[in-house]
Amino acid sequence: MIDLSDPATYRNDWGGPHLIGVLAVHALPGILALAAMVWRVRRVRRRATASSDSPVVSPAARGK
C-alpha cells in the first residue's frame with residue numbers, strides 16, 4: 001500500500017522514486033490492455049454492422 005503524500009512508501013517500488021513512474025509501471029499495462037479490448041470490440045461491431053447493412057441479393061434475383 002502506498003501513501004500518496006509519503007514518498008518513502010513508493011521510493012523503492014518499480015518505477016520509483018517518483019509517484020508518476022510507480023503508477024505508470026503498475027497501472028499503464030492494464031489501461032493499455034483495456035484500450036486494446038475496447039478498440040477490438042468496436043472494430044468487430046463496426047464490421048458486423050457494415051456487413052448487415054449491405055443488401056442481401058438472392059441467387060434468383062441475380063438471374064441464376
Side-chain angles (χ1 to χ4, degrees):
M1 188 83 174
I2 64 171
D3 180 6
L4 300 178
S5 63
D6 184 10
T9 61
Y10 54 81
R11 182 172 294 135
N12 295 325
D13 287 347
W14 286 6
H18 301 288
L19 179 60
I20 192 69
V22 173
L23 293 176
V25 166
H26 290 88
L28 193 58
I31 293 170
L32 292 176
L34 176 64
M37 286 185 280
V38 167
W39 175 76
R40 179 70 175 164
V41 166
R42 293 183 75 181
R43 185 174 171 207
V44 168
R45 285 188 180 170
R46 192 173 2 171
R47 278 190 184 167
T49 303
S51 66
S52 68
D53 287 345
S54 62
V56 177
V57 179
S58 70
R62 283 188 262 165
K64 292 185 180 184

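Nearest heavy atom pair, residue Pro29 against residue Ala24, reads CD-O, 3.6 Å. Scanning both residues, Asp3 and Tyr10, for their nearest heavy atoms gives O-CE2, 3.7 Å.
Under a hydrophobic clustering in which Ile, Leu, Val, Met, Phe, Trp and Tyr are joined whenever their side-chain heavy atoms come within less than 4.5 Å, directly or via other members, Val44 and Trp39 fall into different clusters.
Summarising the local packing, CG of Asn12 is surrounded by 12 or fewer heavy atoms from other residues, nucleotides or ligands at distances under 6.0 Å. Residue Leu34 qualifies as enclosed at atom CG: its count of foreign heavy atoms under 6.0 Å is above 12. More than 12 heavy atoms of other residues, nucleotides or ligands shown are found within 6.0 angstrom of NE2 on His26.
Rounded to the nearest 0.5 angstrom, Asp6 CG and Arg11 CZ are separated by 8.0 Å. One distance of note links CD1 of Ile31 with CG of Leu23; it measures 9.0 Å at 0.5 Å rounding.
The shortest distance between side-chain heavy atoms of Asp13 and Val25 does not fall below 4.5 Å.
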